[in-house]
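Structure first, then comments.
Scope of the values below: all heavy atoms of this structure, side chains included, with no hydrogens, waters or symmetry mates. Each chain gets a letter, A, B and so on, in the order the sequences are listed, and its residues count up from 1.
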Amino acid sequence: MEKIAPELLTVRKAEEKRLPPLPEAEKGGVVTRLPPEPSGYMHIGHAMSGLLNYLYAEMYDGEIWLRFEDTDPRKVKPEYYESFKKGYRWLGIEWDHEKNNSDDMERFYEYAEQLIKMGKAYVCTCPVEEIRRLRALGEECEHRRLGIDENLHLWGEMLAGGFGEGEAILRLVGDIKHMNTTLRDPALFRIIEHPHPMAGNRYRVWPLYDFAVSIEDYLCGITHVLRTSEFALRDELQNYIRSLLGMNRNPIYIEYSRFEFKGTPVSKRKLRAILETGLAERWDDPRFPTIEGIKRRGILPESIKEFTITQTGFSYAKREYDWSLLFAINRRILDPRARRLFFTPDPVKLIVHDAPNLVIEAPYHPDKKELGSRKLTATGEFYISGRDAEEMKIGEVIRLKYLMNAKVVEKSVEGVVAKFSGMEVQRDLKIIQWVPAEESIEVKVLVPGPLYLNGEINPESLRTVTGFGEVAIEGVELGEIVQFERFGFCRRDSDSECIFIKAHD
RNA sequence: GCUCCGGUAGUCUAGUCCGGCAAGGAUGUGAGCCUCUCGAGCUCACGACCCGGGUUCAAAUCCCGGCCGGAGCACCA
């Protein structure tokens, strides 16, 4: 088959699942957006959602915006803006336009004034608790009846600094008894006295999410919004705000439940809890779902993309992906690219008597010759993995890969002693990896596991495996992913030392 | 508590709107082939429509009830 019609084999893969068509979408008429809040590091959930928006824009020859939802000056930080930009770029997402919601403050103020003049917004000076209580009850407060002129005046006061933080907000005249509680006169603007990383100290009255988003989605001409379902209830509010402002075009909303992975919470709170216990030190820890974390671990952006396309759906049901689903894709993509190297974890000495001194040339990949080869010298003293040593039986003949056969004659705490037993490759011999004793280097591999097990923090989420490796390992570049044979795919994580992180088997 | 929304193999997903498949795919697990890796590839096998009623010749699909799960109920996004 491979020889007669190799194209058939590849065709089958190309037929894999594709993204379903977008409702009401036309070629060239689709505009989507990446709407990160720069209040934390980008993680895999953002990546998958971003990919969906990007892939659809691409599928329909449309456009995509990168728009930072940065209207809470107290939460946003410059490093987080960067985290998202870097993350999107890493994924291969190219955006056509970029802006920050905080760029449009003057415009937000204009629309606010417009609403006030229409009698559709009012300044409320009730204490927060009172507002909450009344909203829950579905009852209006006295401020709702203020006249337009009075509201205009109070709004001016808000902008001018006549009110302190928490003393006044601008509210929408919604429907105080609406079943969808987001419509019960939601706050549109609040006062925050805190410098903004992008806008500095210029503003103290900041719009809230729904107001900013409704306007920005219109201004950007967004046609389709793909987002997680916690926003589902806001569609109605956002459409309503636009209708009041004469913006008669709403995006199509497609919502789905969060993308979660087993044992790996995405929430800042839970991740920070792990950092606080000291179990992890940085946000780019390879056990973390942050983009920097999974990148360090050796997950390729192509894998995340393929995973998003093939394993995902627009389901509202709670889901928890098993990491093995992603790993399988990553492994398949890595397999033809990764160099094979010998690494012997928990090493044990192996002495082979009567072994000839040899220099052999071993290919870096069984099929891909273009990946080259390296030379290994053998004298008769080796290190092999502790596990292989343990499994050996006296009298058994084993094959040192690419080298020779050896018959086990003795096992002790010192190691294994064997006798040279021929050069030919024989079927049915156990093949093991080895490292020349005189030419071995120390290798350390960090093996990430689940952060949480059965809802509890897993104290052993990161194991360290040490052993000896062949000298060629020193030549592995920082960031390169190789396969330590019969151990797994590992990414070099340190330039100066041979420290690796295991991605998966 | 209130309001929405969901439940297809261990996991993810297609099918549900417009009833009629042996309920498809992926991953996982087991077996075999291939291979100088326990990787990749190939073959086979295992495994699911939450429960109970109803409508119908026929229900994963439509209706009702229950159970379980998720989201929202901010001067966060």
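Contact annotation for A:R331: backbone-only contact, meaning every heavy-atom pair under 4.0 Å involves sugar-phosphate atoms and none involves a base. In this structure, A:Y402 reaches the bases: a heavy-atom distance under 4.0 Å links it to at least one base atom across the strands shown. Across all strands, A:P366 comes closer than 4.0 Å to base atoms (heavy-atom distances). Across all strands shown, A:R387 has no heavy atoms under 4.0 Å from either base or sugar-phosphate atoms. A:D322 comes within contact range of the sugar-phosphate backbone alone, with a heavy-atom separation under 4.0 Å but no base atom that close. Within 4.0 Å (heavy atoms only), A:D388 reaches at least one base atom of the nucleic acid.
Using C1' as the reference atom, B:U11 and B:C51 are 23 Å apart when rounded to the nearest Å. Comparing the P positions of B:C17 and B:C63 gives a spacing of 9 Å, expressed to the nearest Å. Across the C1' atoms, B:U13 and B:G20 are found 23 Å apart, a figure rounded to whole Å. Nucleotides B:C33 and B:A26, compared at atom C1', are 22 Å apart to the nearest Å. Nucleotides B:G65 and B:G6 have their P atoms positioned 15 Å apart, rounded to a whole Å. The gap from the C1' atom of B:G24 to that of B:G47 amounts to 14 Å, rounded to the nearest Å. Comparing the same atom, P, in B:C75 and in B:C67 gives a spacing of 33 Å after rounding to whole Å. Rounded to whole Å, the P atom of B:C62 lies 15 Å from the corresponding atom of B:C21.
Contact record, A:K407 with A:S421: N-CB, 3.9 Å, taken as the closest heavy-atom pair.
Mapping A:V425 and A:I329 onto RNA chain B by nearest heavy atom places A:I329 closer to the 5' end of the strand. Of the residues near RNA chain B, A:F487 and A:Y321, the one whose nearest nucleotide (by heavy atom distance) lies more toward the 5' end is A:Y321.
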Worked verdict on A:T71 versus A:N101 for side-chain hydrogen bond (donor to acceptor under 3.5 Å, both in side chains) | CA-CA 7 Å; A:T71 49; A:N101 282 357; 5.4 Å; no

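Judged by distance alone, the side chains of A:Y203 and A:S102 never bring a donor and an acceptor atom under 3.5 Å apart. In the model, A:S257 has a side-chain atom that pairs as donor or acceptor with a side-chain atom of A:R319 under 3.5 Å.
For A:R171 and A:F189, the positive end is not near the middle of the six-membered ring at less than 6.0 Å and at most 45° from its axis.
Taking atom CE of A:M423 as the reference point, atom P of B:C36 lies 16 Å away to the nearest angstrom. One atom, NZ of A:K262, and another, C1' of B:C12, lie 8 Å apart when rounded to the nearest Å. Atom P of nucleotide B:U37 and atom OH of A:Y364 are separated by 18 Å, given to the nearest angstrom. A:F327 places its CZ atom 16 Å from the P atom of B:G39, with the value rounded to the nearest Å. Rounded to a whole Å, the CG atom of A:L237 is 17 Å from the P atom of B:C4. Protein atom CD of A:E320 is 10 Å distant from nucleotide atom C1' of B:U11, rounded to whole Å. For A:E255 and B:C4, the CD to P distance is 16 Å, given to the nearest whole Å. Rounded to an integer number of Å, the gap from OH of A:Y256 to C1' of B:G7 is 21 Å.
For an aromatic pair to be called close, the ring centres must be under 6.0 Å apart, and A:Y383 with A:F343 fails this. Annotation: A:F342 is not in aromatic contact with A:F468 [ring centroid separation under 6.0 Å not met]. Close placement of the A:F84 and A:H46 rings is indicated, their centers lying within 6.0 Å of each other. Ring centers of A:Y80 and A:Y41: under 6.0 Å apart, within the cut-off.
Taking every side-chain heavy atom of A:R319 into account, B:U13 is the closest of B:U13, B:U37, B:G39. Residue A:S315 has its side chain nearest to B:U13 when only B:C34, B:G39, B:U13 are considered. In this structure, of B:G41, B:A26, B:G28, it is B:G28 that holds the atom nearest to the side chain of A:S324.
The pairing partner recorded for B:C46 is B:G28, the criterion being a Watson-Crick or G-U wobble arrangement whose two distances lie under 3.5 angstrom. Pairing partner, B:G65: B:C51, with both Watson-Crick or wobble hydrogen-bond distances short of 3.5 Å. Remark: B:G19 base-pairs with no nucleotide; criterion is Watson-Crick or G-U wobble with both hydrogen-bond distances under 3.5 Å. Across all strands shown, B:U56 forms no Watson-Crick or G-U wobble pair with both distances under 3.5 Å. Summarising the base pairing, B:U37 is matched to no nucleotide, lacking a Watson-Crick or G-U wobble pair whose two defining distances lie under 3.5 Å. For B:U3, the paired base is B:A71 (Watson-Crick or G-U wobble, both distances below 3.5 Å).
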Summary of protein contacts for nucleotides 70-77 of chain B, nucleotide by nucleotide, where a base hit scores B, a sugar-phosphate-only hit scores S (4.0 Å, heavy atoms) | SSSSSBBB

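Contact of A:Q311 with B:U27 (side chain to base): no donor-acceptor pair of N or O atoms is detected under 3.5 Å.
In this structure, A:I501 and A:R492 have side chains that are not in contact, with every pair of non-hydrogen atoms separated by 4.5 Å or more.
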